Structures are given as structure tokens and as C-alpha cells.
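Worksheet: the structure to be examined is printed underneath.
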Amino acid sequence: MNKLIKTLLTYVLIFIVLTIFLFPFYWMLISSFKPFDDLMMGDTSLIPKKVTLKGYFDAFRPLVAAKDFGLFAKNSLIICISSMILTIIPSMISGYVFTRFKFRGSKFLYKIMLFAYLFPYIVLILPLSVLMTWLNLINTHIGLIITYVAVISPFCTWLFTSFFKSIPLALEEAALIDGCNRLQVFLKIVIPLSAPAILTASTYAFLTSWGDYLFALVMIYSDHNKTIPLGLAMYMEEQYIEWGQLLAGTVISVLPVVLIFLPLAKLFLKGFTGGAIKG
Amino acid sequence: MRLSYLIPYLLILPIFFLIFLIVSYPITSVLITSFYKTRYGIKLDNFIGLENFFQLIKYPLFWLAIKNSIIWTIGNIILQLFISLSVGILLNQDIKGKTFFQTAVLIPWITPAVASAIIWRFMLEPTIGIINRLLLNLGLIKSPILFLGKADNAMLSVIFINSWMHAPIGILLVIAALQTIPKEILDATEMDISATWQKYRYVIFPLMISRIAFIGLLLFIWNFNAFTIIWLTTQGGPGDATTTLPVLVYRLGFRMFNAGQSAAISTLMALVSLIYGLLYFKYSERGEQYE
């Protein structure tokens, strides 16, 4: 009896916790389908009385060309996928070098890299925007991609380092004895074994660049170059916020993240906490 | 032989070149700027030594930002540690659907900050927001609460929103820490709630204390540096009620075009991060020894 009460209590508590963390998403989703009048009346019904797709149409076929959500989504996808690919390759190589090569200053360089990850980005943005202007990369996708690769790589390198440490050295040594060189070992043994780490690092890189607001804010100023976060922030700054359009855009900004993350969550959590808690 | 000595350096060069360009160079630039008088926002005028720092001392908003930053950081750490520990323990119970629950609570953490800001602004809106509507309908309040629009409430509201976003990672780290506790201790069934509490209080928490301290250390830097969620919900207002140091750095640099003082605050923040970094490495090295 005691045990039954305890289990029941646990589920009730879990229900409350999940409501706090997830209800806002449910509310966003159903509100994005509510007609303008219901939104403005502050309708509190948990299931919409009337359903409309007007918010979504307004977002993708806006009256003002500058507010085209489709364009923001395209920009975001181009930038995030490029950043992801460009981050993974050098991070993987560096991670391998830090795990398997002994060289002077390696510990120091590794710390410098981790410190770059911990550093407050807000401190960097003013000189960074000046630098990007000099390099003629301000207000370009390339400038933003370079920045994302630079700030995301340290953490991904760290993820790969902690993963490679778990691959038994004997496996690689055997291959070396059999006449493979380092490059062959890396391509034929290390990479195929690293699928979980590659997935984890890619997810991290994609989510981080997808959600970034700060760097995009100081580097992109033309409407046609804006990413989803900048576009949504622009909708929100309007004198009269068009909630339908804004909520529809928000749903689209959250959906891919959740869809990519959920199937990979278990893997991601393992890679993420495996080292993090140990330091 | 010479060449092979260089190989590791060449292989890590791309990342270090980018870190130099995007992180080290700007830091150096900020340090230099903090000792100069600036014009038109960014142009360096003449060397004025510590004058920018002395100006800051006389600048009331700087002191308010420090006060706000302290309230912000401590408030967030306490709230997030509390949520992480209680929810972490709850979701580590041996129950059906455990993995699903653990994954589900992480969703706020992976959500773009802009989306979280919009969702909460929509829910906390005075006239159309569901929270005010429900409170009014239930007769708990007579007029809508200005959660973000009133100086007295704004700080608390944004701390809540920020903790809602960041507590999930704390929960995750607490669950990882709990998994290092021997299963026999964790799973031993207690007679009642107070005995369970005693078990955690006297057995489990002491075993986890260094890991909890480490989580606190991580939470410190994440919250201390937070900018986006504050900027997107209140822009540091109403008045200056939620202007923390990062918000002030942005406002001075991009809104008031005072790069010199913005750089001076940035330099102070960089110092805090440096001290933090040293502590972090000291801790993580000690952790490795015990592995």
C-alpha cells in the first residue's frame, strides 16, 4: 500500500513537472492555429474552437517582402548546415590529435581552446563586427558561418577528445603494425567507430547555430540576409504584434530542433554528460 | 623528422586560426580599447590610461548593473539548482517511461532563445496572455499583472523564464551525478518520506557534493554571461530594472556608442571569466585524478 502511494505520488509530481516544462509549447502550437479574434480576446480554451492557417500563410506570403519567413528559413538552413559540416571535420581531426599525438604545448593549447568556449561572447561582438567590416564579411552568410565554426569547434573538439579516449588504443596499434599509416588508421578505423560522436557533435553544432541570436544580431542587417531568430525578433518589435504570424514562425523555429533532437536524445545525453560531469 | 614534428600543429591549425581570429583578436582589441578615448562608437582617439574605468566608478548605471547582475546570477543559480536537484531525483526513480521523461524536460533547453522569449511574452502578456486570463477568471487578481512591464516584477519574471530554459541541463547533470552513486544505496526502499529525505540528506548528497559544486560552477558562468533572453524579453528595462552587465555592455557599445566604457566593462567581465576558467581547470584536473 505504501509503495502504491509512493508510485502514485511520483507520477503526479512528474505530471506537474512536465506540465511546467512542456505546456508552453503546447500553448504556442495550438495558439498558432487560432483565428485573430480568438487570440486578441485572450481565448483560454485548450482546444481551439476554430482553426485557421492564416498565421502560416502570413508568414510565408507576407504583404511586405522584407518579412518573408521562407527566406529567413532558407538563410538559416544554409548557414546552419554549412557551419555544421565545417565544424565537424576540423573538430574531429583536432580531437584525434589531442588524444593520440604527444607534442609540446598540447595541454596548454587544449586549455586555451576550452577557455575560448567558456568565454562570454557578449564581450567579443563589438570588435568582431569591426573586424568583419574590415574583412568585407559583415552582413554576409560567410562571416556568420566563420564565426559559428570558431565558437562551436572548441566544444565539438572536446566531445571528440572524450570519445576517442574511449576507443582502445590496441585496435589502432594493431593496424599500425599491419602496415597502415596514421591517415589510414584514422580513415578506416577511427571514423567508422565514431558515428555516435559525429552525430552528437553535429546535433550540437546545428542546434547552437540554429538558435543563435547574438552574433546574427551584430553581423546581419539586411532583411534578405536575416536568419530565423532575427526575423522572429523583427516580428516582435512591431508596434502591433501580429501574433498569428509570429507564433506560426515560432512553431517552425522549434519544430526541426525537436524533430532532430528527440531521436538522437539518448546518444546526445550520453556524449554530453559522459565527460561534462567529470570535467 | 623535422616535418613529422610539425604535423600535430598543422592539423590543429585551422581551429586555432579561427579561435585567434574570432576570439583572441577581439579580446585583445577590447583590452586596448578600454584604455582609449573613443569617437563615433569605435574609432580610437587618444590613450587615457584608466580613465574609462574611473568614469565607470562615477556612473550610477554601472553600479546598478552590478547589483542587477548579482541578483540575476544568484537568483538563477539558486532556482536552477533547486529545480535540478528535485527534478533530477524525481526523474531518476525506477519508473516506467523514465527515458521519455528525461528527454522531454530537455526540450526548453534545445529551443532557440528567441522562441522561448516569444512563447513567454505571449503567455505573460497583460491583456491576451493565458496566465493573466486564468488568474483573472479564477478571481485571484483584480487587474492584470505586468510581469515584464513593471520594474518590480521584471527581474523575477526573466529569472523564471531563464531558469525554465536552463534548468534542464542542470537536471541532466544531476541525473548523471546520481548515476555514480552505488545502486544499492539509491534503490534501498525507505519506510516513509522523512526516511527518504534523511537518506538523501546524510548519505547521497554528501557523496555528490563535489559534483553539485561543479554544476554550480557551470551554472554560474552560463547565467552570469546571459544576454539574449534578457534582451529579447525586456531589453534591460523597464527603466533599467533588468540591465545586467552583459546588457550594459551591449547598450553602451551599440546603442549609446560609447565603445570605451563598453570595453572597460568587457575587460572586467573577461577578468571574471579568467578567474572562473582557472577555478574550472583546477576542479576538472582534480576530478581526473580521482577517476
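Because the structure is a prediction, the values reported are computed rather than measured. Chain naming here is simple, since letters A, B, ... match the order of the sequence lines and numbering starts at 1 in each.
- Proximity to chain A is limited to the side chain of B:V249, based on heavy atoms less than 4.5 angstrom apart.
- For a residue to count as touching a neighbouring chain, one of its non-hydrogen atoms must lie under 4.5 Å from one of that chain's; by this rule A:R104 touches chain B with backbone and side chain alike.
- Heavy atoms of B:Q179 lying under 4.5 Å from chain A are absent altogether.
- Using a 30° and 60° split on the angle between ring planes, A:Y11 and B:F101 fall in the perpendicular class, above 60°.
- Here the shortest heavy-atom pairing between B:I19 and A:A150 reads CG1-O, 4.3 Å.
- Proximity to chain B (any heavy atom under 4.5 Å) is restricted, for A:V17, to the side chain, taken from C-beta onward.
- To the nearest 0.5 Å, atoms OH (B:Y250) and CG (A:L214) are separated by 8.0 Å.
- Looking at A:V97, only its side chain comes within 4.5 Å of chain B, counting heavy atoms on both sides.
- Counting heavy atoms from C-beta outward, B:I130 and A:F23 have side chains that approach closer than 4.5 Å.
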Exercise for the section: Go through the steps to decide whether B:L18 and A:I146 satisfy the test side chain to side chain contact (heavy atoms under 4.5 Å, CB included), and finish with yes or no. Expected result: CA-CA 8 Å; B:L18 282 179; A:I146 292 177; 3.5 Å; yes
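- Note: A:F103 and B:Y9 have perpendicular aromatic rings, judged against thresholds of 30 and 60 degrees for the angle between ring planes.
- Options A:W210, A:F101, A:F115, A:W27 differ in how many heavy-atom pairs under 4.5 Å they form with chain B, and the most are formed by A:W27.
- Between B:R121 and A:W243, the shortest heavy-atom contact is C-CH2, 4.3 Å.
- The closest side-chain heavy-atom distance from A:Y235 to B:I118 is not below 4.5 Å.
- Contact tally against chain A (heavy-atom pairs below 4.5 Å) for B:A167, B:G277, B:A104, B:P14: the top residue is B:A104.
- At a 4.5 Å heavy-atom cutoff, the contact between B:V105 and chain A is made by backbone and side-chain atoms alike.
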Exercise for the section: Decide side chain to side chain contact (heavy atoms under 4.5 Å, CB included) for B:I22 and A:M132; before the verdict, give the C-alpha distance in whole Å, the side-chain angles of both, and the deciding distance to 0.1 Å. Expected result: CA-CA 10 Å; B:I22 305 294; A:M132 287 296 171; 3.7 Å; yes
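- Contacts between B:F16 and chain A at a heavy-atom distance below 4.5 Å involve the side chain alone, from C-beta outward.
- Chain B forms more heavy-atom pairs under 4.5 Å with one residue of A:V251, A:T87, A:I228, A:V218 than with any other, namely A:V218.
- The line from CZ of A:F119 to CD1 of B:I221 is 9.5 Å long, rounded to the nearest 0.5 Å.
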Exercise for the section: Please step through side chain to side chain contact (heavy atoms under 4.5 Å, CB included) for the pair B:V30 and A:L126, ending with a clear verdict. Expected result: CA-CA 8 Å; B:V30 157; A:L126 188 59; over 6 Å; no
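- Counting heavy atoms from C-beta on, the side chains of B:T111 and A:V257 never come closer than 4.5 Å.
- In this structure, chain A has a heavy atom under 4.5 Å from the side chain of B:N137, while its backbone stays farther away.
- Heavy atoms closer than 4.5 Å to chain A are found in the side chain of B:I171, but not in its backbone.
- For the options B:L245, B:V114, B:T267, heavy-atom pairs under 4.5 Å to chain A are most numerous at B:V114.
- Between A:I20 and B:W164, the closest heavy-atom pair is O-NE1, 2.9 Å.
- Residue contact with chain B, scored on non-hydrogen atoms closer than 4.5 Å, involves the backbone and the side chain of A:S91 alike.
- Most heavy-atom pairs under 4.5 Å with chain B, from the set A:L13, A:I14, A:T10: that is A:I14.
- Residue B:I27 comes nearest to A:L124 through the heavy atom pair CG1-CD2, 3.7 Å, listed as atom of the first residue, atom of the second, then distance.
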Practice task
Applying side chain to side chain contact (heavy atoms under 4.5 Å, CB included), run through A:I122 and B:N225 and close with a yes or a no.
Solution key: CA-CA 7 Å; A:I122 188 83; B:N225 291 333; 5.6 Å; no
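- Neither the backbone nor the side chain of B:F17 comes within contact range of chain A, judged by heavy atoms closer than 4.5 Å.
- In this structure, the separation between OG1 on A:T157 and CD1 on B:I15 is 3.5 Å, given to the nearest 0.5 Å.
- Surrounding CE of A:M41 are at most 12 heavy atoms belonging to other residues, nucleotides or ligands under 6.0 Å away.
- Comparing A:P120, A:A233, A:G211 by heavy-atom pairs within less than 4.5 Å of chain B, the highest count is held by A:P120.
- Residue B:L21 touches chain A through both its backbone and its side chain, counting heavy-atom pairs closer than 4.5 Å.
- Contact tally against chain B (heavy-atom pairs below 4.5 Å) for A:G105, A:P127, A:S106: the top residue is A:P127.
- In this structure, A:L109 CG and B:I12 CD1 are separated by 5.0 Å, a value rounded to the nearest 0.5 Å.
- Between A:L22 and B:I107 the shortest side-chain heavy-atom distance falls below 4.5 Å.
- To the nearest 0.5 Å, atom CG of residue B:L232 and atom CE of residue A:M236 are 5.0 Å apart.
- Using a 4.5 Å heavy-atom cutoff, the side chains of B:T103 and A:F261 are in contact.
- Aromatic ring centres of A:Y204 and B:W109: separated by at least 6.0 Å.
- Of all heavy-atom pairs between B:F122 and A:S31, the closest is CE2-OG, 3.3 Å.
- Taking CG of B:L274 as the reference point, atom CG of A:L118 lies at 11.0 Å (rounded to 0.5 Å).
- For A:T203, no part lies near chain B; criterion is any non-hydrogen pair under 4.5 Å.
- Of the atoms belonging to B:L106, it is side-chain heavy atoms, and not backbone ones, that fall under 4.5 Å from chain A.
- Among the candidates B:L91, B:I119, B:V272, B:L13, the residue making the largest number of heavy-atom pairs closer than 4.5 Å to chain A is B:I119.
- When heavy atoms are compared at a cutoff of 4.5 Å, A:L39 approaches chain B by way of both its backbone and its side chain.
- Contact tally against chain B (heavy-atom pairs below 4.5 Å) for A:P229, A:S153, A:A265: the top residue is A:P229.
- Contact of A:F15 with chain B is not made at all, since no heavy-atom distance falls under 4.5 Å.
- Between A:F25 and B:P108 the shortest side-chain heavy-atom distance falls below 4.5 Å.
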